[in-house]
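Since the structure is predicted, the reported quantities are computational estimates derived from the model, not experimental observations. Order of the sequence lines fixes the chain letters, A, B, ..., with proteins taken first and strands second; residue numbering starts at 1 for each chain.
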Amino acid sequence: MAASETSNGTALRYAFGNVLSFFILLLIGVLAFSIRLFSVIKYESVIHEFDPYFNYRVTQYLTKNGIYDFWNWFDDRTWYPLGRVIGGTVYPGLTLTAGTLYWILNSLNIPLSVETVCVFTAPIFSAFASWATYLLTKEVKGAGAGLTAAVLLAMVPSYISRSVAGSYDNEAVAIFALIFTFFLYIKTLNTGSLFYATLNAIAYFYMVCSWGGYTFIINLIPMHVLLCIVTGRYSSRLYIAYAPLVVLGTLLASLVPVVGFNAVLTSEHFGSFLVFIIIHVMALVYYIKGILSPKMFKVAVTLVLSIGLVVCCAVIAVLVALVASSPTKGWSGRSLSLLDPTYASKYIPIIASVSEHQPPTWPSYFMDINVLAFLVPAGIIACFSPLSDASSFVVLYIVTSVYFSGVMVRLMLVLAPAACIMSGIALSASFDVFTRSIKFQLPGVKGNSQVDAGYTSSEGVVVQNEVAKTDKNEEALKERPSKKNRKKEKEHLEKPSVKAQVKKRLLVLPFEASIIAILLLILLGAFYVVHSVWAAAEAYSAPSIVLTSYSHDGLHVFDDFREAYSWLSHNTEVDDKVASWWDYGYQTTAMANRTVIVDNNTWNNTHIATVGTAMSSPEKAAWEIFDSLDVKYVLVVFGGLVGYPSDDINKFLWMVRIGGGVFPHIKEPDYLRDGQYRIDSQATPTMLNCLMYKLSYYRFVETDGKAFDRVRRTEIGKKHFKLTHFEEVFTTHHWMVRIYKLKPQKNRIRGKAKKSRSKPSSTTSTKRSETQRKNPWH
Amino acid sequence: MKIGVRLDVVVFTIALLSVPVLSDLILSKVDRRIDLTSQIVRITSTLKVENAGNDLVSEVLLTIPDNQAKNLAYLTATSNEGKGKVKASAVSLPVEVVHPKGMPPALTFYSVSLPKGLGKGETFTLDVLAVFTHALQPFPEEITQANIHLVVFSDTAHYLSPYTVKVQSLIVKLPEARIESYTKIENTKIHGSEIKYGPYENLPPFSYSPIGVHFEANQPFVVAQELIREIEISHWGNVQVTEHYNLVHGGARSKGEFSRLDYQSRRYVGGASAVRSLVAKLPPRAHSVYYRDEIGNISTSNLWSDSKKTELEIEPRYPMFGGWRTAFTIGYGLPLQDFLFQAEGRRYLDFSFGCPMNEVVIDTLIVKVVLPEGSTDISVSVPFPVKQWQETKFSHLDVIGRPVIVLEKTNAVPEHNQHFQVYYKFSSLSMLREPLMLISGFFLLFVAGIIYMHADLAISKSSPSYLAKLQWDEVLAVIQQFQNNINRCLTIHDKLEASLRDLSRTGDVQACKAARKSFDVLLKDLSKDLKPLLAFLQSSPQASQILPKVEELVAKEKDLQEKLMAKHSTVVDGYEKKSGGREIENRIALQQQKITALRQEVDDLLDFIDEI
């Protein structure tokens with residue numbers, strides 16, 4: 001009787017454990033959502049930075065005009081006069097997601113604006129991402145590790161930096177899609193179920209819709225498959241996990257307009273096809289091995305190998321020839337710069353000029369993944385005891401993502417989930433060892449094999465997991481779908497950990513040592529929490545269009561960007577063209593609703609170079625370039641008055657570089673004095689006469705009499721000058737944005753014009769041809 | 001402008017010749033005062049009407065030229081009967097547009113109905129307030145940032161009336177600033193910022209003498225081209241007001257450069273006429289005030305509140321110069337009990353109509369009152385004529401939508417800030433509908449979850465795979481029972497061991513024996529229970545794969561049990577014979593080893609079965 005009671009008790013407790021872990025997951029979701037709301041609480045519910053504004057604008061268009069107009073949208077507000085086909089050049093996942101959310105909410109009569117939906121999309125999807133992490137880690141190492149990893153992911157600073165409320169960018173949904181795709185892959189690998197394989201392909205499709213980073217998936221999974229094959233772990237489950245993904249996934253991926261035929265044509269995808277062939281060969285080999293006697297099999301192997309080698313060589317030769325025939329070897333610029341970190345800085349200044357494409361520094365690892373960096377190695381070790389298909393996948397994931405994060409800061413984001421999974425595994429494994437040794441040595445519990453009432457569920461599951469770990473070869477049959485699975489889990493749970501007790505005796509640490517170790521681990525976790533909260537609240541929540549500073553007399557708000565955009569949108573003609581450096585293109589089209597020349601989608605280098613050239617030319621030449629582009633207003637960002645460091649003067653060298661890359665008459669050394677970039681009295685005359693300098697410092701000297709630039713911490717070189725071809729039409733409160741209007745061309749007096757044209761014609765003919773070459777739009 | 005006025009004069013003089021005297025009324029005294037201190041022109045006239053004829057007269061005609069009448073925003077006439085300073089009854093008299101025959105063109109006539117007929121020789125005094133918008137014309141029309149803002153106002157020095165005016169005078173009040181020029185006719189005096197015309201005596205009907213004043217006006221010319229006020233009533237205790245402004249600076253257009261430097265350092269030279277800030281006077285106890293535009297919050301605002309009012313000072317994102325536009329939204333919540341009352345079984349909202357900001361001209365004012373869903377029997381009472389229609393709005397948890405009363409008024413001025421009432425019927429029980437909807441929604445969700453968990457959603461009940469699944473489920477259930485059984489056995493084994501330990505501690509042989517006996521019974525029961533389970537597994541084809549393992553497990557378990565019993569007996573015997581602990585240890589050492597090994601195997605088997 002007593003026995004049955006205890007077993008009932010365990011059943012109840014495990015059911016309770018399930019409920020508890022459900023609530024823990026719910027709380028993790030709430031945590032993931034709410035830690036990202038600092039930006040809304042501290043600032044306001046607003047879209048952040050640059051790219052999110054474009055996504056927001058696209059979403060607005062989608063919700064207003066519907067999906068078909070969206071696919072066919074030719075945007076004439078940007079890249080004037082070229083325009084841009086938005087539907088075919090944008091990853092639509094994020095937009096469609098937010099559009100669907102908006103549509104659902106509004107059909108339920110919840111009147112949220114598009115902006116609100118966009119602002120909160122990222123936090124919602126981070127909650128989803130942490131749940132997906134739970135699922136993935138649970139597949140790899142059990143529920144305890146899953147919960148730990150989910151908590152860690154919910155507040156990993158690296159991911160927070162991309163998904164605070166308002167940061168409405170592709171990465172926000174893509175990380176969820178990435179983890180979920182991996183989860184479904186592992187799930188398929190563990191179960192061998194075609195159902196999950198199909199889901200996996202669909203999740204992959206969603207990932208392709210969302211982010212260019214999908215190439216990471218389509219390379220990582222084949223790598224893992226190859227690893228499995230090479231280490232002799234081929235199984236039919238592996239085949240089911242991989243083959244449908246490639247076939248269905250590629251078909252689905254090519255439905256996305258921005259990918260299209262790239263899904264079969266570019267080198268990023270070739271690896272997956274190669275592995276697809278290899279896995280089929282393996283399948284064939286295993287099949288033949290099954291039906292032939294060992295002797296026959298050997299003969300067959302030698303026969304096939306000799307023929308196969310020849311065929312393979314031929315195929316590879318053809319492929320290499322195909323790939324080599326394309327100039328970039330079939331790789332896109334960004335992917336190439338991943339393989340060769342120096343590629344971008346050598347050939348593509350536009351990619352190199354973006355700060356998030358730079359390699360990270362060591363502190364940024366500490367900033368972005370914090371203590372996880374130390375836990376990862378422990379996690380890797382835990383993954384090797386025992387090594388399963390799933391855990392080898394996670395190891396491969398962390399290794400590759402560490403490499404990629406080392407190439408580009410931006411890809412730290414891909415590393416973060418892997419680091420969380422690894423650390424989750426490490427933490428839960430070590431907690432498991434320590435609590436077990438404590439429990440075993442506690443006097444009261446010694447005789448009793450049953451776990452105590454104070455035993456929390458996650459630990460219980462960890463023990464469970466420990467048991468599972470010891471049986472190396474049986475994970476295969478471990479999971480079965482849906483209800484059966486649930487039922488089975490229940491019975492799974494009813495088994496008291498009798499056996500674990502035997503094992504426990506083997507791995508017991510001294511009582512005091514384990515207590516201290518647990519305390520230290522908790523301390524480590526606390527440090528991580530404190531750091532993450534700090535990062536979420538202070539480092540990553542600023543929307544960057546509103547700046548604040550604290551001084552002795554309280555909070556100062558610098559809302560100059562929106563002031564300028566608002567002015568543009570209300571006080572200029574709706575068809576006026578505004579020229580600015582490309583950083584502000586998305587914001588101008590979204591907030592001011594004016595046509596821009598270049599924007600953050602840096603697809604046309606020549607066009608950007610033209611603007612760069614205009615900014616680095618003297619006033620008259622610049623006026624000509626802008627006039628030929630129909631520009632009416634020129635917008636520059638100037639931080640010299642209040643000390644805003646990321647202004648156009650600091651970005652100016654990139655304009656010179658990019659401009660000079662296309663129009664060789666702009667030479668970088670002309671703007672540098674002895675290799676130094678300076679704007680004080682030592683600056684070169686070219687620098688002091690270029691348009692950017694003039695527009696930034698026009699009448700600046702009258703503010704304090706000295707013209708002291710607070711960003712460069714120096715007095716400027718040329719203080720008093722007049723503008724001849726531009727006039728100031730608006731400057732914001734803190735002078736951070738200055739807008740100039742192109743003066744209309746002066747009426748030519750016929751006689752005068754004739755004279756000037758006829759007289760010096762011989763002398764200036766060369767000069768004029770030069771100016772024509774300078775200006776590509778003439 | 002001036003030319004236009006002169007043309008009118010020509011028209012009037014022609015008309016004068018042909019028009020007969022309308023009735024026998026004469027105006028014995030007219031005092032006019034034109035207030036030009038803000039962009040809204042207010043003309044207050046005090047008319048003393050005298051009936052010189054024999055007939056009873058019950059209405060007085062007022063005349064306004066068409067070019068002014070199109071700017072007329074507000075016209076009201078009040079009787080000024082009471083003697084002295086005590087105005088006994090400031091009753092406003094009904095005013096309506098009339099088109100009397102035989103009158104000169106380009107004039108608009110308004111008829112004021114007198115409270116009682118005016119007999120022969122009787123007099124009546126009435127005050128007429130006429131408010132005009134867009135009556136001040138900027139001149140020059142375009143100015144630079146440094147220029148001063150000058151405007152022109154033109155009117156007539158003689159009171160334009162279809163009646164003979166005996167004595168009249170006119171005072172033009174200007175802002176305290178410089179006067180560029182003004183028309184001088186006879187009897188013109190200037191007193192600081194006041195220009196006085198008159199008195200003029202015995203002027204015939206339709207006398208007209210154009211005057212113009214050109215003066216500096218630095219007060220903001222804030223014109224709301226469109227203002228949409230949305231007042232949403234929630235019977236949970238809140239009135240939410242949202243006001244969408246579309247402002248333009250209606251003064252002289254700005255031309256040339258805008259220099260922030262000049263604007264900031266030389267405040268009164270560089271942009272004296274710019275709109276820097278606006279003050280909205282909100283009702284007291286306003287809460288959750290926000291001020292934003294389509295691209296986000298605007299941080300330049302201040303809020304003061306006391307028990308009488310709430311003042312919201314807002315600055316637009318940028319200073320507004322002539323012709324510049326901006327758009328923004330302010331919103332606030334108000335306590336319901338301050339504005340919602342009940343009368344005769346109906347509820348009514350009593351709310352002010354106009355814009356809460358001072359001296360703002362509103363070209364189009366749209367007031368929307370959103371009533372709770374399920375309101376019926378709706379009627380509106382507004383003290384002046386408005387265009388009115390009804391819409392439906394869907395918001396949180398609405399099914400049929402909320403009725404929205406829309407009132408539209410063009411050319412609204414602060415004088416329209418009067419209270420209007422919306423009457424409707426709404427039962428308090430309807431308030432509970434939406435929470436109940438939510439509760440039932442969640443309830444249904446959970447019920448659906450429960451049903452899903454318990455329902456069998458297989459499409460075909462006879463397909464082999466379904467049957468196989470059913471069988472497999474059965475097998476699983478049996479295996480589960482089987483496992484429970486084995487586990488219980490194992491627990492009993494543990495307890496046996498524990499009793500041995502107790503024995504070694506206390507030396508109580510009897511207790512140990514008793515325990516042994518009870519355990520024996522339990523174990524027997526368990527093995528009895530085990531038999532049908534095993535039989536089922538043997539019969540079931542689905543279980544064929546795991547059967548060997550299961551059987552092995554049973555065998556091992558039995559073995560283990562026997563060994564354990566043997567050990568137990570040995571130990572108990574040892575104690576009974578009072579042999580030394582060491583001896584017993586030695587005796588059972590071999591058994592103990594076997595037991596441990598067996599236990600290990602059993603555990604492994606259990607794990608394996610568990611993995612299924």
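Among Met591(A), Glu115(A), His733(A), Arg562(A), the residue with the largest count of heavy-atom pairs under 4.5 Å with chain B is Arg562(A).
When side chains are defined from C-beta on, Asn109(A) counts as touching Phe394(B), because their heavy atoms get closer than 4.5 Å. Looking at Val729(A) and Glu257(B), their side chains never come closer than 4.5 Å, going by heavy atoms from C-beta outward.
The salt bridge (Lys or Arg N to Asp or Glu O under 4.0 Å) check on Glu232(B) picks up Lys393(B), Arg402(B), with sequence neighbours excluded. In terms of the salt bridge (Lys or Arg N to Asp or Glu O under 4.0 Å) criterion, residue partners of Lys556(B) (sequence neighbours excluded) are, by chain and number, Glu552(B), Glu601(B).
Listed in order of number, the residues of residues 566-574 of chain A that approach chain B to under 4.5 Å between heavy atoms are Ser566(A), Trp567(A), Ser569(A), His570(A), Asn571(A). Heavy-atom neighbours of chain B within the stretch residues 40-49 of chain A, taken at a separation under 4.5 angstrom, comprise Glu44(A), Val46(A).
Classification of Arg260(B) and Glu702(A) as a salt-bridged pair fails, no side-chain N sitting under 4.0 Å from a carboxylate O. For Asp262(B) and Arg699(A), the salt-bridge test passes: some basic side-chain N is under 4.0 Å from an acidic carboxylate O. Between Glu727(A) and Lys255(B) there is no salt bridge, since none of the side-chain N atoms of the basic residue sits less than 4.0 Å from a carboxylate O of the acidic one.
When heavy atoms are compared at a cutoff of 4.5 Å, Asp293(B) approaches chain A solely by way of its side chain, counted from C-beta outward. In this structure, the portion of Tyr698(A) lying under 4.5 Å from any heavy atom of chain B is its side chain and not its backbone. Heavy atoms of Ile295(B) lying under 4.5 Å from chain A belong to its backbone as well as its side chain.
The distance from atom OG1 of Thr300(B) to atom CG of Asp559(A), rounded to the nearest 0.5 Å, is 8.0 Å. The CZ atom of Arg317(B) lies 12.0 Å from the OG1 atom of Thr732(A); values are rounded to the nearest 0.5 Å. Annotation: the span from Asp398(B) atom CG to Leu108(A) atom CG amounts to 12.0 Å, rounded to 0.5 Å. Of the inter-residue distances, the one linking Phe321(B) atom CZ with Phe730(A) atom CZ reads 9.5 Å to the nearest 0.5 angstrom.
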